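Structure first, then comments.
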Protein chains: 2
Amino acid sequence: MTTDKNFLRSGCPIVSGLDVFGDKWTLVILRDLICGKETYTELANSPEKIPTNRLAERLRMLESEKIIEKSLYQEKPKRYKYLLTEKGRDILPILQEIARWGNKYIEDTWVPPKWFMQEER
Amino acid sequence: MTTDKNFLRSGCPIVSGLDVFGDKWTLVILRDLICGKETYTELANSPEKIPTNRLAERLRMLESEKIIEKSLYQEKPKRYKYLLTEKGRDILPILQEIARWGNKYIEDTWVPPKWFMQEER
DNA sequence: ACAGTAACTTGCAAAATTGAAGTTATGCTT
DNA sequence: AAGCATAACTTCAATTTTGCAAGTTACTGT
């Protein structure tokens, strides 16, 4: 997925949005952050098992896009937390609609908790 | 993107949804179909210029997932239309939320027409 | 007979992804 | 003091996926 802002497939807001987060892993990472995960290791341990090099690269991208912020919470040894910005938290309605569709049309999908589906939008 | 129903990354409705339409082109095709395009050539001529082999493959997938239906509208020479099913039309709210986010956070994105953004959900 | 069109398919190079293993810095345990 | 553990990554070879250009099929229209 292209993240090079110099090349745009088009000015369509859907396509431009997808060029930021429309790949195999980014929305999975954002789901986890919205659900309260904060560290690299927590993200790496999700059931979907994202490869760690992919995780690192997507986190770098999300930070450069100002969707998350990387913050050092311990000096020795250095430990980091990843926090959503407002731009990142605003992905929630997209995730809610995908979850709604998934629950409606794909069998045996988990029903997300009420707080996730009904958080203000 | 995996479409093999035998392998699921997880039972998460978001992840399972993404495993159907979360690739570089599928939601672009669905956007076009929702916007009234019907034929292969119309889809191939979108500003994003999807490669034709990719288009053909994604259409096959969408048909096998019952998100669209392929219908012959002319016998000689054979000409086809692609029509959305209810499952396909139900992708609209997802596209609306992505468009909302794109318009809010990405510069110079087109504002979709009102009918697109406000269609019943 | 020839150009044109719709709807694809084929082949190959280039790019992206995966999985496994390695690295760095530090603390904890014996 | 040596060795094991942990967090947060990085590296690399082997796939896998993608993009591009060109080719194909079955007509129609001139």
Side-chain angles (χ1 to χ4, degrees), chain A residues 1-10 15 18-29 32-33 36-65 68-83, chain B residues 1-4 6-10 15 18-29 32-33 36-64 68-83:
Chain A
M1 196 67 34
T2 267
T3 297
D4 174 7
K5 297 299 229 137
N6 297 355
F7 181 74
L8 294 171
R9 281 192 285 176
S10 75
V15 174
L18 291 173
D19 282 343
V20 175
F21 56 70
D23 70 303
K24 189 169 174 182
W25 293 109
T26 300
L27 289 180
V28 181
I29 296 169
D32 283 348
L33 291 171
K37 295 193 177 187
E38 293 188 326
T39 66
Y40 186 91
T41 304
E42 286 178 301
L43 295 167
N45 288 340
S46 282
E48 293 83 10
K49 288 280 169 292
I50 177 171
T52 59
N53 52 356
R54 236 70 289 293
L55 174 57
E57 188 239 316
R58 293 283 89 191
L59 288 172
R60 257 190 310 272
M61 178 283 284
L62 287 168
E63 197 192 352
S64 80
E65 292 286 332
I68 61 175
E69 280 168 9
K70 182 177 183 173
S71 94
L72 186 71
Y73 72 90
Q74 181 186 293
E75 204 30 87
K76 285 150 81 91
K78 287 186 193 299
R79 293 289 180 259
Y80 304 96
K81 280 198 294 193
Y82 294 95
L83 303 171
Chain B
M1 196 66 36
T2 268
T3 298
D4 173 6
N6 297 356
F7 181 74
L8 295 171
R9 281 193 284 174
S10 73
V15 174
L18 292 172
D19 282 344
V20 174
F21 55 71
D23 69 303
K24 189 169 175 181
W25 293 109
T26 301
L27 289 179
V28 181
I29 296 169
D32 284 348
L33 291 171
K37 295 193 176 187
E38 294 189 326
T39 66
Y40 185 92
T41 304
E42 287 177 300
L43 294 169
N45 288 341
S46 282
E48 293 84 10
K49 288 281 170 291
I50 177 170
T52 58
N53 52 354
R54 250 42 314 281
L55 175 57
E57 188 236 316
R58 293 283 87 189
L59 289 171
R60 256 191 312 271
M61 180 282 286
L62 287 168
E63 199 193 351
S64 81
I68 62 176
E69 279 168 10
K70 182 176 184 172
S71 95
L72 187 71
Y73 71 91
Q74 182 185 293
E75 200 37 79
K76 285 147 75 94
K78 288 188 192 298
R79 294 289 181 258
Y80 303 96
K81 280 199 295 195
Y82 293 95
L83 303 170

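Naming convention: chains lettered A, B, ... in sequence-line order (proteins, then strands); numbering from 1 in each chain. Computed from a prediction, not measured in an experiment: that's the story for all the values here.
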Net bend of the helix from C:dA1-D:dT30 to C:dT30-D:dA1, end axes of five pairs each, nearest 10 degrees: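 For the helix from C:dA1-D:dT30 to C:dT30-D:dA1, the axes at opposite ends meet at about 10°.
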At their closest point, which heavy atom of A:V15 faces which heavy atom of A:S10, and how far apart are they?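 Result for this residue pair: CB-OG, 3.9 Å.
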With respect to the phosphate group of [N], does any side-chain polar atom (N or O) of [X] fall under 4.0 Å of OP1 or OP2?
X     : N      : result
A:Y82 : D:dC9  : yes
B:R58 : D:dT18 : no
B:T39 : C:dA7  : yes
B:K70 : C:dC8  : yes

Restricting to nitrogen or oxygen on both sides, can you table the protein-nucleotides 18-22 of chain C pairs closer than 3.5 Å?
unit_1, atom_1, unit_2, atom_2, d
C:dT18, OP1, A:K24, NZ, 3.2
C:dT18, OP1, A:W25, NE1, 3.2
C:dT18, OP2, A:W25, NE1, 3.2
C:dG19, O6, A:N53, ND2, 2.4

Length of the [atom1]-[atom2] vector between [X] and [N], whole Å:
X     : N      : atom1 : atom2 : result
A:R9  : D:dG19 : CZ    : C1'   : 13 Å
B:L72 : C:dC8  : CG    : P     : 10 Å
B:L43 : C:dA6  : CG    : C1'   : 12 Å
B:L55 : C:dT10 : CG    : C1'   : 16 Å
B:E57 : C:dA7  : CD    : C1'   : 16 Å
B:M61 : D:dT18 : CE    : P     : 11 Å

Do NZ/NE/NH1/NH2 and the carboxylate oxygens of B:R60 and B:E63 come within less than 4.0 Å?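 No salt bridge links B:R60 with B:E63.
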Electrostatic pair A:D23-A:R58, nearest N-O below 4.0 angstrom: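 A salt bridge is present here (some side-chain N lies under 4.0 Å from a carboxylate O).
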With side chains defined as the heavy atoms from C-beta onward, is the minimum distance between [X] and [Y] less than 4.5 Å?
X     : Y     : answer
A:R9  : B:K49 : no
B:L62 : B:I29 : yes
B:T26 : B:M61 : yes

Let me have the donor-acceptor pairs involving side chains of residues 36-43 of chain A, under 3.5 Å, with sequence neighbours excluded, atom names and distances please.
unit_1, atom_1, unit_2, atom_2, d
A:K37, NZ, A:E42, O, 3.4
A:K37, NZ, A:S46, OG, 2.9
A:T39, OG1, A:E42, N, 3.2
A:T39, OG1, A:E42, OE1, 3.3
A:Y40, OH, A:T52, O, 2.9
A:E42, OE1, A:E38, N, 2.8
A:E42, OE1, A:T39, N, 3.0

Which atom pairs link the protein and nucleotides 24-30 of chain D when you take only N or O atoms and keep those under 3.5 Å?
unit_1, atom_1, unit_2, atom_2, d
D:dT28, OP1, B:K76, O, 3.4

Once you round to the nearest 0.5 Å, how far does CD1 of A:I50 lie from CG of A:L59?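 Reported value, rounded in 0.5 Å steps: 7.5 Å.
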Contacts table for residues 69-83 of chain A: side-chain donor-acceptor under 3.5 angstrom, sequence neighbours left out:
unit_1, atom_1, unit_2, atom_2, d
A:Q74, NE2, A:P77, O, 3.0
A:E75, OE2, A:K78, NZ, 2.8

